[in-house]
Amino acid sequence: MTTTIGVLALQGDVREHTRALEGAGARVVRVRRRSELEAVDGLVLPGGESTTMDKLLRVFELRDPLRTAIAEGLPVYGSCAGMILLADRITGGIEGQQTLGGMDVTVQRNAFGRQVDSFEADLAMQGIEGGPVRAVFIRAPWISTAGPDVEVLARIPERSTDGTGLGEAAGKIVAARSGRLLATAFHPEVTGDWRVHAQFVREVNATRRS
Ligand SMILES: NC(=O)CC[C@H](N)C(=O)O
């Protein structure tokens with residue numbers, strides 16, 4: 001059977017992730033209910049607004065089932081707001097904001113200052129063959145601390161593609177893996193390059209629940 005990957009469809013760029021996953025050869029379903037979550041082999045947490053997703057996860061009664069699924073080893077890929085949701089710890093969140101957790105990292109929300117609020121950079125990403133990934137950052141977080149079991153996959157380079165220096169952001173962690181969890185601070189789903197999604201689909205295939 002074809003691998004089925006869910007995209008959490010409460011808020012955010014669900015359509016872009018759906019297209020990227022289909023481009024990478026997966027069957028994709030939208031997940032808004034517990035029964036839909038139970039039917040997927042892997043899940044994408046899209047980019048968007050982590051505070052809204054946090055609220056909606058509770059309204060839709062998905063927060064606890066999703067935390068359980070993560071603890072039981074469901075492969076999950078989170079981009080940007082999705083990365084925030086996967087982090088065990090958050091700084092710069094709004095009052096009462098919670099994450100799902102699972103990845104032993106601290107994310108700094110809206111980490112880039114106003115000057116480089118949104119930008120693009122070419123970065124080398126571990127495990128992604130064929131040259132650098134064009135990384136689109138939109139009011140993105142970065143990972144400020146990572147525990148020993150977290151594999152760093154990419155860091156911010158010195159300059160963005162338009163030559164702007166990235167100052168104190170340079171060297172910050174923006175892609176990581178821990179167990180079956182994958183996170184990027186940027187949005188490969190908007191670039192037309194599906195290599196990151198294809199890598200996630202391969203990982204889901206390799207760990208598929210029988
Ligand atoms: N592009 C994004 O997903 C932005 C994330 C957003 N700043 C948040 O905190 O949720």
Side-chain angles (χ1 to χ4, degrees), residues 5-21 28 30-32 43-60 62-63 66-67 70 76-103 105-123 125 133-146 153-156 160-162 164 166 168-169 172-177 181-194 196-197 200:
I5 302 207
V7 179
L8 183 70
L10 303 178
Q11 190 269 337
D13 67 342
V14 175
R15 186 179 309 168
E16 287 78 3
H17 276 288
T18 301
R19 197 175 48 204
L21 290 164
V28 186
R30 294 185 173 205
V31 170
R32 283 200 196 87
L43 184 71
V44 167
L45 307 177
E49 180 47 57
S50 59
T51 55
T52 308
M53 285 188 217
D54 172 36
K55 286 189 194 124
L56 291 175
L57 279 167
R58 283 178 259 179
V59 170
F60 281 72
L62 271 175
R63 180 178 156 78
L66 198 37
R67 281 169 60 86
I70 290 171
V76 181
Y77 166 40
S79 80
C80 202
M83 174 168 113
I84 295 172
L85 289 176
L86 286 177
D88 281 347
R89 297 168 298 279
I90 175 174
T91 52
I94 64 164
E95 171 107 28
Q97 180 174 357
Q98 290 183 312
T99 66
L100 294 165
M103 206 180 244
V105 297
T106 305
V107 287
Q108 166 81 42
R109 183 167 167 261
N110 298 336
F112 298 87
R114 189 172 273 184
Q115 204 193 338
V116 287
D117 206 345
S118 297
F119 65 100
E120 299 185 13
D122 291 318
L123 28 109
M125 183 166 163
V133 170
R134 172 60 62 100
V136 177
F137 293 87
I138 306 165
R139 287 177 58 75
W142 66 45
I143 292 175
S144 42
T145 67
L153 301 180
R155 293 178 184 271
I156 291 279
S160 69
T161 45
D162 68 5
T164 309
L166 293 172
E168 65 149 346
K172 290 290 192 307
I173 303 168
V174 286
R177 171 207 310 288
L181 305 180
L182 173 67
T184 63
F186 49 90
H187 295 271
E189 71 277 12
V190 301
T191 62
D193 173 356
W194 310 144
V196 174
H197 290 79
F200 179 62

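What you see is a predicted model, and the numbers here were worked out from it, not measured in a lab. Read the numbers this way: they start at 1 and go in the same order the structure lists the ligands and their atoms.
- With hydrogens and angles disregarded, no donor-acceptor distance shorter than 3.5 Å links the side chain of R30 to the backbone of V7.
- Classification of the F112-W142 ring pair by plane angle, with boundaries at 30° and 60°, yields perpendicular.
- Remark: minimum distance from atom 7 (N) of ligand 1 to any protein heavy atom is reached at N110 OD1, 2.7 Å.
- Although no hydrogens or angles enter the test, the distance criterion places a donor-acceptor pair under 3.5 Å between the side chain of R109 and the main chain of G92.
- Protein heavy atom in closest approach to atom 9 (O) of ligand 1: R109 NE, 2.5 Å.
- Scanning the protein for heavy atoms near atom 6 (C) of ligand 1, the closest one is G48 O, 3.5 Å.
- Listed by number with element, the atoms of ligand 1 under 4.0 Å from a non-hydrogen atom of I84 are 8 (C), 9 (O), 10 (O).
- The shortest contact between atom 2 (C) of ligand 1 and any protein heavy atom is with C80 SG, 2.7 Å.
- Counting the atoms of ligand 1 from 1 in the order shown, those under 4.0 Å from a heavy atom of G47 are 3 (O).
- None of I5, L66, I70 except one satisfies the side-chain contact (heavy atoms from CB on, under 4.5 Å) rule with L43; the exception is L66.
- Of the heavy atoms in E49, both backbone and side-chain atoms come closer than 4.0 Å to ligand 1.
- Nearest protein neighbour of atom 10 (O) of ligand 1, counting heavy atoms only, is S50 N, 2.5 Å.
- F60 is not listed as a side-chain neighbour of V31, based on a closest heavy-atom distance of 4.5 Å or more.
- Contact between H187 and ligand 1 is present, with at least one heavy atom of the residue lying under 4.0 Å from the ligand.
- By the neighbour-count criterion of 12 heavy atoms within 6.0 Å, atom CZ of R15 is sparsely surrounded, having that number or fewer from other residues, nucleotides or ligands.
- A 4.5 Å side-chain heavy-atom check between T184 and M83 finds every atom pair outside the cut-off.
- Checking only distances, A81 does come within under 3.5 Å of ligand 1, N or O to N or O.
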